[in-house]
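Since we're looking at a predicted model, the values are computed, not measured. One is the number of the first residue; the rest follow in order along the sequence.
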Amino acid sequence: MPALLTDPYAATIAALIVGLCVGSFLNVVIHRLPKMLERGWQEQCAEQRGETLAAAPPYNLWVPHSACPGCGHRIGALENIPVVSWLALRGKCSACKTAISARYPLVELAGGVLAAFAIWHFGANAAGAAACVFLWMLIALTFIDADTMFLPDDLTLPLLWAGLLANVWGLFVPLTDAVLGAIAGYLALWSVYWLFKLIRGKEGMGYGDFKLLAALGAWLGWKMLPLIILMSSLVGAAIGLALIVFRGRDSQMQLPFGPYLAIAGAIALFAGPTLVGIWLH
């Protein structure tokens with residue numbers, strides 16, 4: 001343990017390994033959390049109607065055990081090693097040879113690489129550990145929003161409160177800046193939402209986007225919000241244009257804004273002060 005705290009190379013490698021394992025769990029969260037929420041909503045609606053739903057088997061982040069969606073083959077420990085197992089299996093189920101999406105190792109790599117970079121950048125300390133949690137939450141939110149066009153409160157609100165808690169000790173910004181950042185982040189997109197709705201008569205984004213920007217403000221402070229909004233808009237425009245050109249997507253098709261906010265937030269975490277300095281000068 002002392003070596004991990006004092007040797008930046010050892011700490012970075014340890015963070016990479018831990019991050020890969022967390023990335024594997026994030027795949028479960030990304031896949032199951034929306035389904036768990038949908039099941040909960042169905043139960044609540046049935047209760048309001050005075051109905052009783054048929055008993056369903058347990059379904060959460062731990063149960064049932066991970067299995068191949070094609071044949072139901074239970075995934076063993078040796079088949080669940082982050083990245084390595086996917087490469088060893090050549091991206092296919094060992095039983096039925098159904099293709100396994102490359103997104104699984106991509107999420108695992110993202111969890112590992114970003115954690116390693118966070119520890120290298122901030123050090124093996126409270127700020128480095130908090131940055132890892134921040135980035136892992138952003139990964140989960142990015143892929144859930146990309147899949148479902150939905151940013152669950154179960155992730156955005158804990159992320160917001162965690163940012164305020166981290167800055168009680170001023171890990172990233174003073175607590176006053178964090179509180180103002182949370183308020184300003186929510187109100188900024190809330191104002192855009194209502195202005196767009198009044199002008200166009202339709203919704204341009206969801207409430208989850210307000211909460212995510214509020215969470216980014218809680219972590220990084222109000223001074224980073226203009227940079228985050230600008231970068232997220234640029235990233236969104238670039239990705240949207242690429243989808244239209246290379247995939248033939250309809251220019252009127254709705255695209256989730258959460259992933260762009262998350263990418264901008266991660267950039268601001270590492271390079272925000274530098275970019276703001278360049279911008280101001």
For [X] and [Y], which heavy atoms make the closest approach, and how far apart are they?
X      : Y      : value
Ala146 : Pro256 : CA-CG, 4.0 Å
Ala264 : Ser232 : CB-N, 3.7 Å
Ala131 : Leu269 : CB-CD2, 4.0 Å
Leu141 : Pro152 : CD2-CD, 4.1 Å
Ala166 : Leu171 : O-CG, 3.2 Å
Leu135 : Ala266 : CD2-CB, 3.8 Å

Can you tell me how far [atom2] of [Y] sits from [atom1] of [X], rounded to the nearest 0.5 angstrom?
X      : Y      : atom1 : atom2 : value
Arg39  : Glu43  : CZ    : CD    : 7.0 Å
Leu261 : Leu212 : CG    : CG    : 5.0 Å
Leu37  : Asp154 : CG    : CG    : 5.0 Å
Leu33  : Asp147 : CG    : CG    : 11.5 Å
Ile139 : Leu114 : CD1   : CG    : 5.0 Å
Leu180 : Leu187 : CG    : CG    : 11.0 Å

Do [X] and [Y] share a hydrophobic cluster, counting only Ile, Leu, Val, Met, Phe, Trp and Tyr and linking them when any side-chain heavy atoms are less than 4.5 Å apart?
X      : Y      : answer
Phe270 : Val173 : no
Tyr9   : Ile17  : no
Ile30  : Val113 : no
Phe257 : Ile267 : yes
Leu220 : Leu275 : yes

Less than 4.5 Å apart, any side-chain heavy atom of [X] and any of [Y]?
X      : Y      : result
Cys132 : Ile119 : yes
Ser66  : Arg32  : yes
Tyr104 : Ile100 : yes
Ser233 : Tyr260 : no
Met36  : Leu61  : yes
Met137 : Leu155 : yes
Leu138 : Leu159 : yes
Cys68  : Cys96  : yes

How about [X] and [Y]: are their ring centroids closer than 6.0 Å?
X      : Y      : result
Phe122 : Phe172 : yes
Tyr207 : Trp194 : no
Trp136 : Phe25  : no

Q: Can you establish whether the number of heavy atoms outside Trp86 located under 6.0 Å from its atom CH2 is more than 12?
A: yes

Q: May I ask you to check whether over 12 heavy atoms, not counting those of Arg49, lie within 6.0 Å of atom CZ?
A: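 Buried by this count: over 12 neighbours within 6.0 Å.
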
Q.
Applying side chain to side chain donor-acceptor pair (under 3.5 Å), can you list everything that pairs with Asp153, at least two apart in sequence or on another chain?
A.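 Partners of Asp153 under the side chain to side chain donor-acceptor pair (under 3.5 Å) test: Lys211.
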
Q. What do the steps show when you test Ile144 against Leu151 for side-chain contact (heavy atoms from CB on, under 4.5 Å), and what is the final call?
A. CA-CA 7 Å; Ile144 288 176; Leu151 292 168; over 6 Å; no

Q. So Val84 and Leu87, side-chain contact (heavy atoms from CB on, under 4.5 Å) or not? Walk me through it.
A. CA-CA 5 Å; Val84 174; Leu87 293 174; 5.9 Å; no

In a table with atom names and distances, give each donor-acceptor pair under 3.5 Å that connects a side chain of residues 74-83 to protein atoms at least two apart or in another chain.
| from | atom 1 | to | atom 2 | distance (Å) |
| --- | --- | --- | --- | --- |
| Arg74 | NE | His65 | ND1 | 3.4 |
| Glu79 | OE1 | His73 | NE2 | 3.1 |
| Glu79 | OE1 | Gly76 | N | 3.0 |
| Glu79 | OE2 | His73 | NE2 | 3.3 |
| Glu79 | OE2 | Ser94 | OG | 2.4 |

(Q) Tell me whether the NZ or CZ atom of Arg103 lies within the 45° cone about the ring axis of Phe143 and under 6.0 Å from its centre. (A)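 Checked: cation-pi criterion not met.
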
Q.
Would you call the rings of Phe134 and Trp219 parallel, tilted or perpendicular, taking 30° and 60° as the class edges?
A.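 The rings of Phe134 and Trp219 sit tilted, inter-plane angle from 30° to 60°.
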
Q) Just by distance, do the side chain of Asn167 and the backbone of Gly170 share a donor-acceptor pair under 3.5 Å? A) no

